[in-house]
Each structure stands twice: as structure tokens, then as C-alpha cells.
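A short write-up of the structure that comes next.
Both counts, for ligands and for their atoms, begin at 1 and track the order of listing.
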Amino acid sequence: MIKTDILIIGAGPTGLFTVFEAGLLQLKCHLIDALPQPGGQCSEIYPKKPIYDIPGFPEVLAGKLVDNLMEQIAPFQPGFTLGERAEKIEKQEDGSFVVTTNKGTQHHAPIVAIAGGLGSFEPRKPLLDNLSNFEDKGVAYMIKDPEVYRDKKVLIAGGGDSALDWSIFLADVAAEVTLVHRRNEFRGALDSVEKVQQLKNQRKINLITPAEVVGLQGENKLERVIVRKTDNSEEIDLEVDDFIPLFGLSPKLGPIAEWGLDIEKNAIKVDNTLDYQTNIPGIYAIGDVNTYPGKLKLILCGFHEATLMCQSAYQRIYPDKKYVMKYTTVGGVSGFDGSKKEAPKAVVKSID
Ligand SMILES: Cc1cc2nc3c(=O)[nH]c(=O)nc-3n(C[C@H](O)[C@H](O)[C@H](O)COP(=O)(O)OP(=O)(O)OC[C@H]3O[C@@H](n4cnc5c(N)ncnc54)[C@H](O)[C@@H]3O)c2cc1C
């Protein structure tokens, strides 16, 4: 069982910045995210897009913002459970919570901060009858650790950046890479399309287009994949260890919708007059996932909500302690010149 002070569901920009604000109050955080990497929408949807409305940054790429946030929170040593979806929440007798993921990992904390954005990103799956028989037995919808595919025969399906980028990357890792796409044209970056073409010419990627995967076969795990040309001119029977359809991810509020929280239009209602707490004491909702009058789905609003929420969480955990707020520049703070990795000190002093 993983134990922490604030369990954050969602490692998007809001969840990441929560670690900083909690760290200033000497509260430990652990983050769960369904995606294999932190950054939420910024990493998954638009890592290369510039953002212009982060205070102090006239322009910053979304991916760079996530890198900066990771650097900023590193001194507080947050824990991460990545590639797992928070599925179930159970309130304990003492008012704390146990949250269990779809992979069975359990987390225990007095405070839960839901920073789930648009919801957990669920993979779009190909329509194949026996697909579920092979999930985690040769079929995966995202790549968590490319080393898993070392010296394996891998078939990737899809026509976007993920399919192209991972085919390029795995060409040097896997024994064989086949890329199947139902059109001749790809939706990804031109540069990546050209690179795939080069690797095809060098026989490092077996490119089959326009075609679709129409069948999966295997005894206890995936062994063969049947690919059909879209004009029905040919059916190709391929021996493969792994089939990775990368058809994109669509966000869904998912299991959180069943947790007994007040939900309005797919978002969690919170008390914005105070601390962004939900109708269940001890559970907060911050960032894109919440709703209240005047709500704006912007990164800077998520940062603000995280900051106020942490103050309230501190009071909940330590009801008898008073605190005085100090700025991070007070008291010889280290860790802000980029060279030192110590946590900022003496930002908020608790007084018994
Ligand atoms: C194309 C585009 C451009 C944008 N441009 C800007 C901009 O210029 N400026 C700006 O301020 N905002 C912009 N936004 C909006 C901004 O990205 C969001 O406001 C921001 O990402 C919200 O952050 P968040 O951390 O609240 O949620 P998210 O970034 O959505 O992160 C939520 C995370 O929670 C995870 N999650 C959800 N449910 C679960 C669960 N049950 N278990 C585990 N994990 C879960 C998800 O996988 C996700 O990683 C843009 C959005 C898009 C799509």
C-alpha cells in the first residue's frame, strides 16, 4: 500500500503544480495517471504547441512547461503510479481514503485531490471480435516501456504521430517492425512520414498501406495477425509477438463519475468560495475536472485552485496547527537557481 498526505489523481499541469504547493507546506504527494507519462493534455495532445498565457512566460511550448513543472517539483520527491487508472475509492473509518487502480495498486491518504482534467484518456480500440482475449497478452494500446519490445516482432497500426514516432523508435529496438495504416496518407508530421519512408527503403520498417488488421490468432498469447489490403486484393498472415493499435485516445470521466460526487455536465461540482472541496469532505477537485460559476478551463486557473486547495488540505490534516504564510523568497530559500535540488525552506512555518 502506497501512503502519502495528498493523493493526486491526474498528473496534468494542475496535478504537478499541486506537488509544489503541498511541498511548501511539507505535505507529501503521490500522483496516479492513466497515461504512461506526466503532463496531461499538454503532453498527450499538444506538446509542440506554444502557450502564451502562463504568467512570466511570453511563450512556452506545452511540453517544455511540463518539463519545467517536473523540475520545479523534483525537490519534493513525489511518487508516481503511471499507466494506471484510479478505479475505486473507499472511505476509511478515520475519514481517510484508499484508492485502487485498474491494475490493483492501492494508495492510502487523508486527502484526495482529483486533477483529472477531461478525464482519463481511454484508447480507441480496433473492432476485432477476440481483441480482449489478447489484451496484455500481446495487445497493448500505449507504449509504457519500449524495452519490452526489444528483439520482438511488433506490428503497429495507425496513421498519426504516435504510430509514426513509435515505429521509428522501435525500428532500432525490435527485431521486426510492421506499420499498417488504412490509408496511403499519414496524419503525422511531414518529417516523421519521410523518416518512415526512409526506414522502409532500408527494410527496417515493413510498411503495409492501405490495409487493416482483420484477425488475431494465438493459443495463450498473440501469435499471428491477419492484415487485409483495403481493396481486398491481398490477405497477409504475419507472425508477430505484439500488436499495438495507436488510434488515439479519447478522454472520459470514467470511474470517477461513480464515486458519489456531485457531477454537472461531466465535471465535478466544487465549493469555489473556499477551497475547491467536493461534496465529500477530504476530496477536492481542481483544474479542468471541476465546475463552478465562472469556471475557466485554463492552466493558470488550475494552478490557483491547487494553491488554495493545499492550504485547506493542510488545515484538514493538522486542525490544531496555525500557520503564517511567507513567500518562497523568505528565509534563504534554495533550489530556485536551477542548480540546487533542495526543497525551498521556511516558506510556511507551522506553529503549534
Ligand atoms: C489543443 C489545446 C490547446 C490548449 N491551449 C491552452 C493554452 O494556450 N493555455 C491554457 O491555459 N490552456 C490551454 N489548453 C487547456 C489546458 O490544456 C488545460 O486547461 C489543462 O491541461 C488542464 O490541466 P489539468 O491538469 O487540470 O488536466 P489535464 O491536462 O487534462 O490532465 C488530467 C490528467 O488526469 C488523468 N486522469 C483522469 N482521470 C484519471 C483516472 N481515473 N485515473 C488516472 N488518471 C486520470 C488524465 O490521464 C490526464 O493525464 C489547451 C487545451 C487544448 C486541448
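When hydrogens are left out, the protein atom nearest atom 42 (N) of ligand 1 is Ala86 N, 2.8 Å; that is the closest non-hydrogen contact. Closest to atom 38 (N) of ligand 1, if we only count protein heavy atoms, is Ser120 N, 3.2 Å. Scanning the protein heavy atoms around atom 35 (C) of ligand 1, the nearest turns out to be Asp33 OD2, 3.3 Å. Annotation: atom 27 (O) of ligand 1 to nearest protein heavy atom, Gly117 CA, 3.1 Å.
Using a 4.5 Å heavy-atom cutoff, the side chains of Leu261 and Ile114 are in contact. Residues Tyr149 and Ile156 fail the side-chain proximity criterion, which asks for heavy atoms closer than 4.5 Å.
Around atom NZ of Lys88, no more than 12 heavy atoms belonging to other residues, nucleotides or ligands sit under 6.0 Å away. Counting non-hydrogen atoms of neighbouring residues, nucleotides and ligands closer than 6.0 angstrom, the CG atom of Asp231 exceeds 12 such neighbours.
In this comparison of Asp288, Ile89, Leu253, Leu35, the heavy atom closest to atom 19 (O) of ligand 1 sits on Asp288. Between the choices Ser43, Gly40, Gly287, the shortest heavy-atom distance to atom 31 (O) of ligand 1 belongs to Gly40. Remark: among candidates Glu305, Lys49, Gln41, Gln37, the nearest residue to atom 53 (C) of ligand 1 is Gln41, based on non-hydrogen atoms. When Tyr52, Tyr46, Trp259 are checked for heavy-atom proximity to atom 6 (C) of ligand 1, Tyr46 turns out nearest.
At a 4.0 Å heavy-atom cut-off, ligand 1 touches Ile256 through the side chain alone. Residue contacts with ligand 1 for Lys297 involve N, CA, C or O but no side-chain atom from C-beta outward (heavy atoms, distance under 4.0 Å). Contact annotation: for Thr101 versus ligand 1, there are no heavy atoms closer than 4.0 Å. When non-hydrogen atoms are compared, ligand 1 lies under 4.0 Å from the side chain of Asp53 (C-beta onward) but not from its backbone.
Heavy-atom contacts of Leu118 reach the following atoms of ligand 1: 30 (O) (cutoff under 4.0 Å). When each atom of ligand 1 is checked for a heavy atom of Arg85 under 4.0 Å away, the hits are 40 (C), 41 (N), 42 (N), 43 (C). Remark: ligand 1 atoms within the under-4.0 Å shell around heavy atoms of Ile299 are 10 (C), 11 (O), 12 (N), 16 (C), 19 (O), 20 (C). Counting the atoms of ligand 1 from 1 in the order shown, those under 4.0 Å from a heavy atom of Thr14 are 23 (O), 24 (P), 25 (O), 26 (O). Of all the atoms in ligand 1, the ones that sit under 4.0 Å from a non-hydrogen atom of Leu298 are 10 (C), 11 (O), 12 (N), 19 (O). Every atom of ligand 1 is numbered from 1 in the order shown, and the set under 4.0 Å from a heavy atom of Ile51 is 7 (C), 8 (O), 9 (N). Residue-ligand proximity, Glu84 to ligand 1, at heavy-atom distances under 4.0 Å covers atoms 43 (C).
Side-chain contact of Gln311 with Glu21: a donor-acceptor pair under 3.5 Å is absent, judged by distance alone.
Atom-to-atom distance recorded for Glu84:CD and Thr81:OG1 is 6.0 Å, nearest 0.5 angstrom. We find the NZ-CG distance between Lys295 and Asp288 to be 6.0 Å, quoted to the nearest 0.5 Å. To the nearest 0.5 Å, the span separating CD1 on Ile226 from CG on Leu238 amounts to 8.0 Å. In this structure, CD on Gln106 lies 10.0 Å from NZ on Lys3, to the nearest 0.5 angstrom. The line from CD of Glu87 to CZ of Arg85 is 4.0 Å long, rounded to the nearest 0.5 Å. The distance from atom CG of Leu164 to atom CD of Glu194, rounded to the nearest 0.5 Å, is 11.5 Å.
Heavy atoms of Glu87 come nearer than 4.0 angstrom to ligand 1 in no pair at all. Within the structure, the closest approach of Pro13 to ligand 1 falls below 4.0 Å when heavy atoms are considered. Under a 4.0 Å heavy-atom criterion, Ala115 is in contact with ligand 1. Within the 4.0 Å heavy-atom cutoff, Gly254 does not count among the residues contacting ligand 1.
Using bins of under 30°, 30° to 60° and over 60° for the plane-to-plane angle, the ring pair Phe17/Phe20 lands in the parallel bin. Ring geometry for Tyr276 against Tyr292 counts as tilted: the plane angle lies between 30° and 60°, on a 0 to 90° scale.
Close N/O approach between Ala34 and ligand 1 is found [any backbone or side-chain N/O within under 3.5 Å]. At a 3.5 angstrom cut-off on N or O pairs, Ala11 does not count as close to ligand 1. Distances between N or O atoms of Gly10 and those of ligand 1 include no value under 3.5 Å.
The aromatic ring centroids of His181 and Phe186 lie less than 6.0 Å from each other.
Nearest heavy atom pair, residue Tyr141 against residue Leu246, reads O-CD2, 3.4 Å.
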